[in-house]
Chemist: 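Quick one: the structure is below, questions incoming.
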Amino acid sequence: MTKTRSASHEEVNPRVNLLGLSADGLREFLASIDEKPFRAQQILQWVHQKGVIEFSEMSNISKVLRAKLADVAEIRPPEIASEHISSDGTRKWAVRVNGGALVETIYIPDGGRATLCVSSQVGCSLDCSFCATGKQGFQQDLTADEIIGQVWLACQAMGDFGEQGRRSVTNVVLMGMGEPLLNFKNVMQACSLMMDDFAYGISKRRVTLSTSGVVPAMKKMMGNTDVSLAISLHAPTDELRNTLVPINRKYNIAMLLDATAEYMASVPDVRRVVTIEYTLMQGINDSDEQADQLAELLRDTPCKINLIPFNPFDLSDYKRPSRNRIERFQRILARAGYIATVRTTRGDDIDAACGQ
Ligand code: SAH
Ligand code: SF4
C-alpha cells in the first residue's frame, strides 16, 4: 500500500515530498525545475483526487516530465501503524510520522456524512488540565504532508479514490492531537489543500480548525485562510479558565472573543458562526449558574455551542457529569436562545473519543 520508510530515509533520499504542497507551493516547485505552473493542477488531481502517488501512472503528463519528477521528487504519505474499528463504525488510525512517533486520526461516520479528526502536532505544549495530549508535553510539529497525509490515508482506506464522485470523508476537523495554531504554516498549507477544488474540494464550512486561543495566530489567520473556527472556551470566567486552559493567563477571554469576532468578520460568508467548545466536567464548570454566565458572556458572539462531556483517562481526576446535569446545562443555553448540542461520545470502545 504505502511505501515503507527506512530510518535513514532522509539522509539517503534528498527527493522533495510533494504530498503537502498546496497549489502555490507546487507551482513554485515546478518553476524551480523549469516546468510550467499549470502542471500543478494535474499533479494535485492525481494525488488528492485519484490517490495516485507514482509519477509513472500520471498519464496526462509527458513521459519526459514524469521521469524528471521521479528523479527529484516523490509523493510519500505517512504510514498507518494500526487500525481499530469501533462497533459504531468509528475508525481510529495510529499514523507514524517522521522520527517514528505516532499520532491519531479518527474517522467518525454519521448518517450520510463522516468527519475526519486530524492531528497537527505530536503532543501539545499548552497543558490544559483535562487533556491527555497536554499531559504528554510537546514533542514535534507535524509537517504539511503529515497533516494532509492523514486525509489522504483516510480517503484511501475508505475507497474514496477508487470511484469518481464517491466521498465518504465529508468534513475535517483539526481537533486531534496538538494545537493547530502553534504549527501555523503547515496547518494553513494542509487546510488549503483540503479546500482546494483541484485537491479535496471540501467546503470551507466543513473544514474546522479548533484552537484553545492562541490570539496572535488567530489574527494571522485573517486574510490567510477562511476555514471555519472553533474555540475551546470551557469556562465562563477568567478565574476558572486560567486553571483549565493555562494559555488564558496570556490571552484572556475578552481577548479571545475579540479575536474571534475579528476573524469571523474577515470571512466573506456572513452566515458562518464560530463553534464554542465547552467540555463539561462534574463540579467544575457544569452548574446552572455557570450556564447562565456562559449565556451572558456569549451574548454578542454569533455562535453555536458544542458541549463535550468530559472523556476520562488515566492521570485525570475529573469526572463526566450525569446525563441529567448535561441536559440541564444544555436547556439553560437553549432557553437563552443558543443552539447548543451535546457531542455524542463515539468510538468509546477503541479510545477514540475527544482527548483520548
Ligand atoms: N488544541 C486544540 C484542538 C485539539 S483538542 C484545542 O484545544 O482546541 C479538541 C477538543 O477536545 C478541544 O475542545 C479540547 O478542549 C477537547 N478535549 C481535550 N481533552 C478532552 C477530554 N478529556 N474530554 C473531552 N474533551 C476534551
Ligand atoms: Fe493542547 Fe488542545 Fe489539549 Fe489544550 S486541549 S493541551 S490546547 S491539545
Chemist: Start with the C-alpha distance between N248 and D238, add both sets of side-chain angles, then the distance that settles side chain to side chain donor-acceptor pair (under 3.5 Å), and finish with yes or no.
Modeler: CA-CA 7 Å; N248 194 69; D238 281 321; 3.0 Å; yes
Chemist: Taking atom CG of N60 as the centre, report whether more than 12 heavy atoms of other residues, nucleotides or ligands fall under 6.0 Å from it.
Modeler: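 Count over threshold, so yes.
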Chemist: Judged by atom type as modelled, is there a donor-acceptor pair below 3.5 Å linking the side chain of R15 to the main-chain atoms of A70?
Modeler: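 The answer is yes, because a donor-acceptor pair under 3.5 Å joins these two groups.
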Chemist: Heavy-atom count check: over 12 atoms from other residues, nucleotides or ligands less than 6.0 Å from K50 NZ?
Modeler: yes
Chemist: Please report the shortest heavy-atom distance between H234 and F130, naming the atom on each side.
Modeler: CD2-CZ, 3.3 Å
Chemist: Can you tell me if I339 has over 12 outside heavy atoms packed within less than 6.0 Å of its CD1?
Modeler: no
Chemist: What is the distance from atom CZ of R76 to atom CG of N17, rounded to the nearest 0.5 Å?
Modeler: 5.0 Å
Chemist: Quick one about S228 and R272 (side-chain donor to acceptor, distance below 3.5 Å, no hydrogens or angles considered), yes or no?
Modeler: yes
Chemist: Can you name the closest pair of heavy atoms from A132 and F313 and give their distance?
Modeler: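 Nearest heavy atoms, A132 then F313: N-CZ, 3.5 Å.
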Chemist: Can you measure from CG (D300) to CG (D258) and round to the nearest 0.5 angstrom?
Modeler: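 The distance works out to 10.5 Å.
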Chemist: For the side chain to side chain contact (heavy atoms under 4.5 Å, CB included) test, which of I53, L69, D145 pairs with I75?
Modeler: I53
Chemist: Assess whether a salt bridge exists between R66 and E57, defined as any Lys/Arg side-chain N lying under 4.0 Å from an Asp/Glu carboxylate O.
Modeler: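 No, no charged N to carboxylate O under 4.0 Å.
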Chemist: Indicate whether the side chain of D88 and that of T90 have a donor and an acceptor atom separated by less than 3.5 Å.
Modeler: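 Yes - a donor-acceptor pair under 3.5 Å links their side chains.
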Chemist: Check whether NZ of the Lys or CZ of the Arg K304 lies under 6.0 Å from the centre of the six-membered ring of Y338 and within 45 degrees of that ring's axis.
Modeler: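 No.
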Chemist: Is there a ring-ring contact (aromatic ring centres under 6.0 Å, His included) between H48 and F161 once you walk through the steps?
Modeler: CA-CA 8 Å; H48 300 287; F161 291 142; 8.2 Å; no
Chemist: K92 vs E83, test: salt bridge (Lys or Arg N to Asp or Glu O under 4.0 Å). Steps then yes/no.
Modeler: CA-CA 6 Å; K92 176 169 88 169; E83 176 185 58; over 6 Å; no
Chemist: I need the full list of ring pair (Phe, Tyr, Trp, His ring centres under 6.0 Å) pairs touching residues 61-92, with sequence neighbours left out, sorted by first then second residue.
Modeler: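 The answer is none; no pair qualifies.
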Chemist: Taking NZ, NE, NH1 and NH2 as the nitrogens, is one of them in K135 or D127 under 4.0 Å from a carboxylate oxygen of the other?
Modeler: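 Here K135 pairs with D127 in a salt bridge, since their nearest N and O are under 4.0 Å apart.
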Chemist: Starting at CD1 of I305, measure out to OG1 of T275 and round the result to the nearest 0.5 Å.
Modeler: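 That separation rounds to 10.5 Å.
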Chemist: Thinking salt bridges, do K219 and E262 make one under a 4.0 Å N-O criterion?
Modeler: yes
Chemist: With side chain to side chain contact (heavy atoms under 4.5 Å, CB included) as the test, would you mind laying out the steps for K319 and F310 before giving the verdict?
Modeler: CA-CA 7 Å; K319 291 194 176 61; F310 173 70; 5.7 Å; no
Chemist: Could you verify whether a donor N or O on one side chain and an acceptor N or O on the other, from N183 and Q121, lie under 3.5 Å apart?
Modeler: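 No donor-acceptor contact under 3.5 Å links the two side chains.
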Chemist: Under the criterion side chain to side chain contact (heavy atoms under 4.5 Å, CB included), I'd like the reasoning laid out for L307 against L333: C-alpha separation, chi angles, the key distance, then a yes or no.
Modeler: CA-CA 10 Å; L307 301 171; L333 294 172; 4.1 Å; yes
Chemist: Checking L65 against E35 for the side chain to side chain contact (heavy atoms under 4.5 Å, CB included) test, could you report, in this order, the C-alpha distance in whole Å, the side-chain angles of both residues, the deciding distance, and whether it holds?
Modeler: CA-CA 9 Å; L65 177 53; E35 293 296 338; 3.5 Å; yes
Chemist: Please determine whether a side-chain nitrogen of the Lys or Arg among R205 and D269 lies less than 4.0 Å from a carboxylate oxygen of the Asp or Glu.
Modeler: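 The answer is yes: the pair qualifies as a salt bridge.
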Chemist: Just by distance, do the side chain of D110 and the backbone of R113 share a donor-acceptor pair under 3.5 Å?
Modeler: no
Chemist: Between N306 and E277, does a side chain to side chain donor-acceptor pair (under 3.5 Å) hold up when you go through it step by step?
Modeler: CA-CA 5 Å; N306 197 205; E277 291 163 282; over 6 Å; no
Chemist: Starting at OG of S232, measure out to CG of L256 and round the result to the nearest 0.5 Å.
Modeler: 9.0 Å
Chemist: For the residue pair S22 / Q189, report whether a side-chain donor-acceptor contact shorter than 3.5 Å exists.
Modeler: no
Chemist: Considering only NZ, NE, NH1 and NH2 on the basic side and carboxylate oxygens on the acidic side, decide whether R328 and D288 come within less than 4.0 Å.
Modeler: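 Salt bridge flag = yes for D288 with R328.
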Chemist: By the definition side chain to side chain contact (heavy atoms under 4.5 Å, CB included), identify the one residue from L209, I202, T208 that meets it with V172.
Modeler: I202
Chemist: Looking at R167 and D160, is any side-chain nitrogen of the basic one under 4.0 Å from a carboxylate oxygen of the acidic one?
Modeler: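 The answer is no: the pair does not qualify as a salt bridge.
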Chemist: Please check: side-chain N/O of T170 versus main-chain N/O of A114, any donor-acceptor pairing under 3.5 Å?
Modeler: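 Flag set: sc T170 to bb A114 pair under 3.5 Å.
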Chemist: Between the side chains of E146 and T143, does any donor sit under 3.5 Å from an acceptor?
Modeler: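 There is such a pair (donor and acceptor under 3.5 Å, judged by atom type) between the side chains of E146 and T143.
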Chemist: Are the charged groups of R27 and D24 less than 4.0 angstrom apart, N to O?
Modeler: yes
Chemist: Would you compute the distance between atom CG of D286 and atom CZ of F329 and round it to the nearest 0.5 angstrom?
Modeler: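 The CG atom of D286 sits 7.0 Å away from the CZ atom of F329.
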Chemist: Answer with yes or no whether the side chains of S129 and Y318 bring together a donor and an acceptor at under 3.5 Å.
Modeler: yes
Chemist: Measuring from N285:CG to Q290:CD, what's the distance to the nearest 0.5 Å?
Modeler: 6.0 Å
